[in-house]
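To start, the structure under review is shown below, and the notes come after it.
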Amino acid sequence: MKVLIIIPAYNEAQNIEKTVKDVTENTNYDYIIINDCSKDNTKEVCEKNNFNMLSLPINYGLTSGIQLGMKYAYKNNYDIAIQFDGDGQHQAKYLKKLVEKIENNSADIIIGSRFVEKKKPFSTRMIGSRLIAFIIKLTTGKTIKDPTSGMRAYNKRAIQEFIRNMSLTPEPDTLVYMMKKGLKIEEVQVEMKDREFGESYLKPLKSIQYMINMIFSIIFIRAITRKNK
Amino acid sequence: MSITLRVILIISSFIAFFLCVKKIKQSKLKVANSVTWMLGSIILILMSIFSDVVGWLSEKLGFVSPVNFVFLIMIAFLLIQTFIDNIHITELNEKIKELDHYIALKEHDEKK
């Protein structure tokens, strides 16, 4: 199966070389970097190393970046698209596990989860994760142990859903949407590192906003999604 | 309604109406987008001319004063207008995003 790894990157000049090296050394899948109009020299670093990159002229955030990756995957007829952070938190050695699961047809979407075998710690960040997991359980009846994980593999059917509905985000509310559409979601255990350089998308005030957005989106919008006929 | 309020409403409605017409002529405003504004100012003019009707209606609806009724209509009108604007902004946002993606994909194709 043709596999594409989508690496969204915003101001990741210090991390991107390492991330791509990790991907190319540990897997033999194709990758695409989505440079979301970085203010630092991410673009130059990628060009210098001749990385496969899509460079956006206007910054539009992570959602737009993933959507573009999905468009690219669809256009080039990829069977699997994997969302993979460019900040060095994700490790490429686990990607094989995700791809194998999809190849065995066990599910449509595989989440690289931190808490399949391990227990969830009681940190402030994880309170949000628990709350989202609870709301997902409430609306779909399914248990997702790590809904906020940014490492997800989508099969062709899921990619098509992304193309069909341009309001889908690479966030937990999309998982609810996909489940309501009848797609199966499974999790595999992975480990993640803390980020080394640069700033994350999530800052304190931003994460409160994020939580409110997610809760509203899941309960009032995604939970009433209808299946395709 | 007091005479002063009626005069103010009539004058400001006329100004709003002619501003709309002027901006359309300068093609700074589309006809489709300005219909609501023109309609709003016409309603306002009618309300200030036929203030007896407004008074009667507001009493039937249980308003303390006709002015409150006029304000309520204006607020409702503004809310609708902002909602329509909000939709337009989102539409524009999506269009720019599509362009953004298109440029990125095209640039990538040309490099090959």
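Protein chains get the first letters and strands the later ones, always in sequence-line order, with residue 1 at the start of each.
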Side-chain atoms of residues 19-28 of chain B: list all donor-acceptor pairs with protein atoms under 3.5 Å, sequence neighbours left out, distances to 0.1 Å.
residue: B/Lys23; atom: NZ; partner: B/Gln26; partner atom: OE1; Å: 3.4

For residues 49-57 of chain A, please give each side-chain donor-acceptor pair under 3.5 Å, one per line with the distance, not counting sequence neighbours.
residue: A/Asn49; atom: ND2; partner: A/Glu17; partner atom: OE2; Å: 3.0
residue: A/Asn49; atom: ND2; partner: A/Val45; partner atom: O; Å: 2.8
residue: A/Asn52; atom: OD1; partner: B/His108; partner atom: NE2; Å: 2.6
residue: A/Asn52; atom: ND2; partner: A/Tyr31; partner atom: O; Å: 3.0
residue: A/Ser55; atom: OG; partner: A/Asn35; partner atom: ND2; Å: 3.0

Proximal component of A/Ile32, with respect to chain B [non-hydrogen, under 4.5 Å]: side chain
Applying a criterion of heavy atom separation less than 4.5 Å, what residues of residues 41-55 of chain B form contacts with chain A? none
Heavy-atom count around A/Lys96 NZ within 6.0 Å, excluding the residue itself: above 12? no
Using heavy atoms and a sub-4.5 Å threshold, report which of residues 87-102 of chain B line up against chain A, by residue number. B/Asn93, B/Glu94, B/Ile96, B/Lys97, B/Glu98, B/Asp100, B/His101
A/Lys2, NZ atom: more than 12 neighbouring heavy atoms under 6.0 Å: yes
Segment of B/Leu105 engaging chain A (4.5 angstrom heavy-atom cut-off): both
Exceeds 12 heavy-atom contacts within 6.0 angstrom, atom OH of A/Tyr74: no
